[in-house]
Protein chains: 2
Amino acid sequence: MSVTIKDIARQAGVSHTTVSRALNDSPLINEETKDRIRTLATKMDYTPNFSAKSLVLDRSYNLGLFFTTLSQGTSAGFFYEAIRGVNNVIQDRYQLIVKGIDDYTSFHSITRKSFDGIIVVSQSDDDQPFIDHATDKGIPLVVLNRPIDTPGVLNVISDEEQGAFLAVSYLIEQGHQRIALVEGRAGFKSAQNRKKGFERAMLHNRLTVNSNYRFPGLYDLESGHKAMQHFLTLAERPTAVFCCNDEMALGAMKAISEAGMLVPRDVSIIGFDNTVYAAYVTPALTTVHRPIEQISKEGATRLISNIENKQHETEQVLLKTELVVRESVRSLLNG
Amino acid sequence: MSVTIKDIARQAGVSHTTVSRALNDSPLINEETKDRIRTLATKMDYTPNFSAKSLVLDRSYNLGLFFTTLSQGTSAGFFYEAIRGVNNVIQDRYQLIVKGIDDYTSFHSITRKSFDGIIVVSQSDDDQPFIDHATDKGIPLVVLNRPIDTPGVLNVISDEEQGAFLAVSYLIEQGHQRIALVEGRAGFKSAQNRKKGFERAMLHNRLTVNSNYRFPGLYDLESGHKAMQHFLTLAERPTAVFCCNDEMALGAMKAISEAGMLVPRDVSIIGFDNTVYAAYVTPALTTVHRPIEQISKEGATRLISNIENKQHETEQVLLKTELVVRESVRSLLNG
DNA sequence: ATGACTATTGTTAACGTGTGCATTCCGTGC
DNA sequence: GCACGGAATGCACACGTTAACAATAGTCAT
């Protein structure tokens, strides 16, 4: 059917070995023959058979991009930016295969043969068995977005604890003291770190956290909505709420306006993630920007470098987050 | 390194052919030997080498999921739903390879060998050369989301013209007559169809469209914002605006509130796509739901059926859209 | 008992590419 | 003139799997 190096060899009057070497730019082959063969190859519209290459070279040309889950809980924007970032650096050297870890009942089929490298965009501790499996099998690996304890694994993350600290410190600077927290999805490391940053900022300013001022969330709009409804029933309402992501912040804003109140006049809201929508909500949401696309670019670049140089760098890379001030926080300072 | 069928054969005292047949459940092999070999295989932790299979069976086990672009203009929610839908039906039979068409300078490397089938999530006429290439190469193909003229191509789309008709008819039912249109990105078929639905609904109700009441858009927040700013400068403002997607509708709402006005009191807004955020904006956005996930499921299912049954169904499947009524449209009827 | 037929297993080649080891040719130094 | 070395190419096999064909043993009808 399709043209192979043997076809080219026949046409060129050489052996298929020579063709193979010529197309791989081997120094063994005369420059003129190389040229002749190369032009002949393009003229004959030759495409290498990657299955055959894979078989003999023991490389799959596949990079796996694994998310904790595809079917639930991953925000669309997050997902999109991660794929963009990775896609951007792999170009045509690899095929990008997108998977959800929770699609697997057994990791048996995940081997060195099927993936030259794996990028895990991790959102939960539940990914650990998968990460261990990949490490055991000796597959080059990078874990993004969630800090990893396992030594010997490349890890690129944003400093979320610092981001939350930044956000809450900002609230305090603006004069807020009764600050509430809508937590992230239980089990997600990001939820823990953002909470930690919140607590550190409070402690650092010698503020105590009312236990009524914490509410569990699921990172979705609905749980932010519910949390805010709860806060609004309290006799002494918080003046500001730190939501562990933007979606929940939007839900909270919704609840506030449903109660006939206004953001930020009655309650200040701050989010996390800097979703595209954050800028266009009314009022525009003050939030923390997390450089997902940059994380995934950085991760993919380092992974590929590890693969191609057969090295095994295992650094942990921390990328800084930054506060994006918009309109959803009111200053309580009388000036 | 890893265990092959020959290793199993040696252990079992049979030929590697027998092992191959046993693992593929060939009727030629005695049931007992099959069992013996199968248990031995799992005990030895055997995983088939897909490169070898691919080479001899002439199948890649790859499905390509191609978007018009990954780097610009695709909405995150859209992207996410499409991948989810496809991923949902392919399970572990295929690897899902995600690509942007605009990443390619040449389609040369896209062949039958590298993809068993291709799903194009098409958002622009510019995809046509790619679609033609895939058709030429004889790669099983399905085009989602954009109507295709090319005969002989499987095509699954939502009826967007009907959706727009639905939306605008609803506005008219609520008593609106001065209805403006924020158009979609030029060149995108969806933009044309939504506009067509708009026009048909107007015509059907014998309403004329003021040429000041049309404004080009890019499907992003900013252009909706700009369009609305324009409409607000008009002496005779529209009472309702049909935005060709939700993002632009959000932008428009933003512009309205910036001008000190309220939705829907002063201007009614209706969107298209039913983004996750539409429900949680204030006021919640009335919009048209487009079943992206269902489209991609349907498309993937039919493509796989075509591949595996070696048939060549080329139907065009139209899935209905539906109006989701929320709070962003005011009734002008005095009741 | 012999031929045909079935059930089960083995032999061998094939898929397309890369590579270790020969082979050939040519120039160079003695 | 001959050995040596380097440059260029070819031969033959390997990678792991499937499949056409061959082979063997057993069964059954004549």
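Naming: A, B, ... by sequence-line order, numbering from 1 per chain.
In this structure, Arg112(B) atom CZ and dG16(C) atom C1' are separated by 17 Å, rounded to whole Å. Atoms CD1 (Ile5(B)) and C1' (dT11(C)) sit 14 Å apart, rounded to a whole Å.
To the nearest 0.5 Å, atoms CZ (Arg302(B)) and CG (Leu144(B)) are separated by 11.5 Å. For the atom pair Ile90(B) CD1 and Leu96(B) CG, the distance stands at 4.5 Å (nearest 0.5 Å).
Under the 3.5 Å distance criterion, with hydrogens and angles disregarded, a donor-acceptor pair is assigned to the side chains of Asp102(A) and Thr69(A).
Of the residues in residues 16-40 of chain A, His16(A), Thr17(A), Thr18(A), Arg21(A), Leu28(A), Ile29(A), Asn30(A), Thr33(A) come within less than 4.0 Å of DNA chain D through at least one heavy atom, sorted by number. Contacts between residues 52-63 of chain A and DNA chain D, defined by a heavy-atom separation under 4.0 Å, are made by Leu55(A), Val56(A).
Pairs engaging residues 118-156 of chain A under the ring pair (Phe, Tyr, Trp, His ring centres under 6.0 Å) rule: Phe66(A)-Phe130(A), Phe107(A)-Phe130(A), Phe107(A)-His133(A) [sequence neighbours left out].
If you find the closest nucleotide of DNA chain C to Thr47(A) and to Val14(B), the one lying nearer the 5' end belongs to Val14(B).
The closest side-chain heavy-atom distance from Asp103(A) to Asn87(B) is below 4.5 Å.
Backbone-only contact: Tyr46(B) has heavy atoms under 4.0 Å from sugar-phosphate atoms and none from a base. Residue Thr4(B) is classed as a sugar-phosphate contact, given heavy-atom separations below 4.0 Å to backbone atoms only.
Close placement of the Tyr61(B) and Phe50(B) rings is indicated, their centers lying within 6.0 Å of each other.
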Problem set entry | Evaluation steps, side-chain hydrogen bond (donor to acceptor under 3.5 Å, both in side chains), between Ser26(A) and Arg21(A) | CA-CA 5 Å; Ser26(A) 156; Arg21(A) 292 202 177 106; 4.8 Å; no

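No option in Tyr104(A), Phe79(A), Tyr80(A) other than Phe79(A) meets the ring-ring contact (aromatic ring centres under 6.0 Å, His included) test with Phe67(A).
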